[in-house]
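Just the heavy atoms: all of them, side chains too, but no hydrogens, waters or symmetry mates, feed the values below. Lettering follows sequence order; numbering is per chain, from 1. Everything numeric in this text was worked out from a predicted model, so none of it was measured.
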Amino acid sequence: MNPNLYDIDLIQRYLDRSLTDSEKVSLEERLKNEPLLKTMYLEHQQLIKGIRYSYLQNRLHQLRTLESALPPIHAEKKGRQVWLVTHWKQATAIAATIAFFVIGFMLWNKPATPQELYAENFKIYPNVFEPITRGETPLSKRTEAFAAYEGGNYAEAAALFNHLLTEKEEAGILMLLGNCNLVLGNTSEARNQFIKLINDFDDLDNQAKWYLGLSYLKEGDAKTAQLIFQELSNSEYSYASKAKQLLNKLD
Amino acid sequence: MTDVELINLIKHDDPRGLGTVYETFRSEFVHWIMRIQRCGNEDAREYYQASIVILYDNAKAGKLDELRSSLKTYLFGIGKNLVWQRYRTNHRDEVVGSEFYIKNYLFEDGDSQAAEEINLEIISRCYEQLGEPCHELLGYYYFGRKNMEEISALMGYRNPETAKNQKYKCMERLRKMVFGNLQSQPAEPKPVNEE
């Protein structure tokens, strides 16, 4: 065996804690006395950490993409209540100002139409399922589909996702295809995909309900949308606050 | 979904697992950090994202296979460790990105060199430029924690020994790219042929 390969193998097994006691003692002794081996050991350790860091960075990137699609996190109620008690004068002034603007707004503005609420709230669901990484060449239909989605080519992505679904039904693909169809104006097709997600899969239920509600808004059916958002607002997930905000506007 | 089901999804890189965990505990965790750290929303979200990434790494390493507490307690425990880690550094009064916590996490096992001394970004960049089959092989071994038998089956090598030789070559290529070019641009990747 190549002497370097032998030493690297020893180092790797040392890091994996799979050396025998005698091999371990012998390697530790060599590390003390052989500077070249010590350097090789430190470099090897650094490279491993760099590889792991690369993977963790990719996951972090995916989480940031997901975060950008979620509603903002508001301050806690408890803190607000304490502030109201201790700053009642400012609170009264702020409340009066808000009331002034709200009344003014109601007097001078018509309520938003369902379609306007759709446009205000629709944000394409991010591809958190199979993100296309830098330098990746689209080789398969699958990769092409996700790349088209990320690139905003929704017609192309929809055709490819439809093809993929004939081979295997997957929750993530249904979610993205539903989004493509919403963008393309195929609302009833999009609705079928979201309903299928809710009925046949255990995950992405809340996300599917959100987009299902939006699909009704897009068609001007505020009543059905309201029912869906009502159900969503009772859940514990972050879509609940988004749904409550929308319900307030629909009332 | 139960904690066990979620951990299983995370371990198998099913994005529904990490996505569900992220959305479920997000608001509570961020409010908790804002309260105990007296920090802003943005700073608290960096803590949260780093905690989720660390939870993911631990799940991949099998450390959550026999979890005795709930997933939520475990996640908040990671957050608490990050808070202490932050107290021990000189970054108490500024917003730091999740990368800061992740680097410290990678070096928390008593390494002689501090995280700041080693340019993980350069190694990471060289690794991304390494090309195939090295990128995939090293990923399977060091991140997917697969053994040589599994790798040889997955990548179609004749036997585990061939896969091991290939891994050695790939590490050598990466080492040359990183340490030979640390001061300049990383070298262009060359294809590595299987022997």
Fill in: Those residues that, when tested against A/His163, pass side chain to side chain contact (heavy atoms under 4.5 Å, CB included) (two or more places apart)
A/Lys141, A/Thr166, A/Glu167
Worksheet item: Side chains of B/Glu23 and A/Gln207: does their closest heavy-atom pair fall under 4.5 Å?
Response: yes
Worksheet entry | Heavy-atom neighbours of A/Asp21 CG exceed 12 at 6.0 Å | no
Discussion item. Strictly below 4.0 Å, N to O, side chains only: are B/Asp13 and A/Arg59 in salt-bridge contact?
Written reply: yes
Practice prompt. Can you establish whether the number of heavy atoms outside A/Lys24 located under 6.0 Å from its atom NZ is more than 12?
Written response: no
Fill in: Residue pair B/Tyr22, A/Gln62: steps toward the side-chain contact (heavy atoms from CB on, under 4.5 Å) verdict
CA-CA 11 Å; B/Tyr22 189 87; A/Gln62 285 172 17; over 6 Å; no
Discussion item. Less than 4.5 Å apart, side chain to side chain, heavy atoms only: is that true for B/Val178 and A/Gln46?
Written reply: no
Item to complete: Find out whether B/Phe143 and A/Leu56 are in side-chain contact, i.e. whether some heavy atom of one side chain is under 4.5 Å from a heavy atom of the other.
Response: yes
Practice prompt. Check whether more than 12 heavy atoms from other residues, nucleotides or ligands sit under 6.0 Å from atom CD of B/Glu149, and answer yes or no.
Written response: no
Practice prompt. Could I get the full list of side chain to side chain contact (heavy atoms under 4.5 Å, CB included) partners for A/Val183, not counting sequence neighbours?
Written response: A/Phe122, A/Ile124, A/Tyr154
Fill in: Part of B/Tyr142 lying under 4.5 Å from any heavy atom of chain A
both
Worksheet item: So, do B/Ser98 and A/Arg64 sit near enough that their side-chain heavy atoms are less than 4.5 Å apart?
Response: yes
Worksheet entry | Toward chain A, the part of B/Glu46 with a non-hydrogen atom under 4.5 Å | side chain
Worksheet item: NE2 of A/His44 to CG of B/Leu174: how many Å apart, nearest 0.5 Å?
Response: 10.5 Å
Response to the item:
Residue set satisfying salt bridge (Lys or Arg N to Asp or Glu O under 4.0 Å) with B/Asp14, at least two apart, ordered chain then number -> B/Arg16
Worksheet entry | Region of A/Gln57 in contact with chain B, defined by heavy-atom distances below 4.5 Å | side chain
Worksheet entry | Leading residue by heavy atom contact count with chain B [cutoff under 4.5 Å; candidates A/Val128, A/Leu70, A/Leu66, A/Leu204] | A/Leu70
Worksheet item: Where do B/Arg175 and A/Met40 land on the side-chain contact (heavy atoms from CB on, under 4.5 Å) test, with the steps shown first?
Response: CA-CA 10 Å; B/Arg175 192 180 66 77; A/Met40 194 192 283; 6.0 Å; no
Discussion item. Any non-hydrogen side-chain atom of B/Leu120 less than 4.5 Å from a side-chain atom of A/Lys49?
Written reply: yes
Discussion item. Show, in sequence, the C-alpha distance, side-chain angles and deciding distance for A/Ile51 and B/Met171, and conclude whether the side-chain contact (heavy atoms from CB on, under 4.5 Å) test is met.
Written reply: CA-CA 10 Å; A/Ile51 293 168; B/Met171 281 300 269; 4.1 Å; yes
Worksheet entry | Residues in residues 48-65 of chain B near chain A [non-hydrogen atoms, under 4.5 Å] | B/Gln49, B/Ile52, B/Val53, B/Tyr56, B/Asp57
Practice prompt. May I ask you to test the B/Ile123-A/Tyr53 pair for a side-chain heavy-atom distance under 4.5 Å?
Written response: no
Worksheet item: Are side-chain heavy atoms of A/Asn58 and B/Glu128 found at a separation under 4.5 Å?
Response: yes
Fill in: Non-hydrogen atoms of A/Ser54 and B/Tyr127 that approach each other most closely
OG-CD2, 3.4 Å
Worksheet item: Considering only heavy atoms from C-beta outward, does the side chain of A/Gln12 approach that of B/Tyr168 to under 4.5 Å?
Response: no
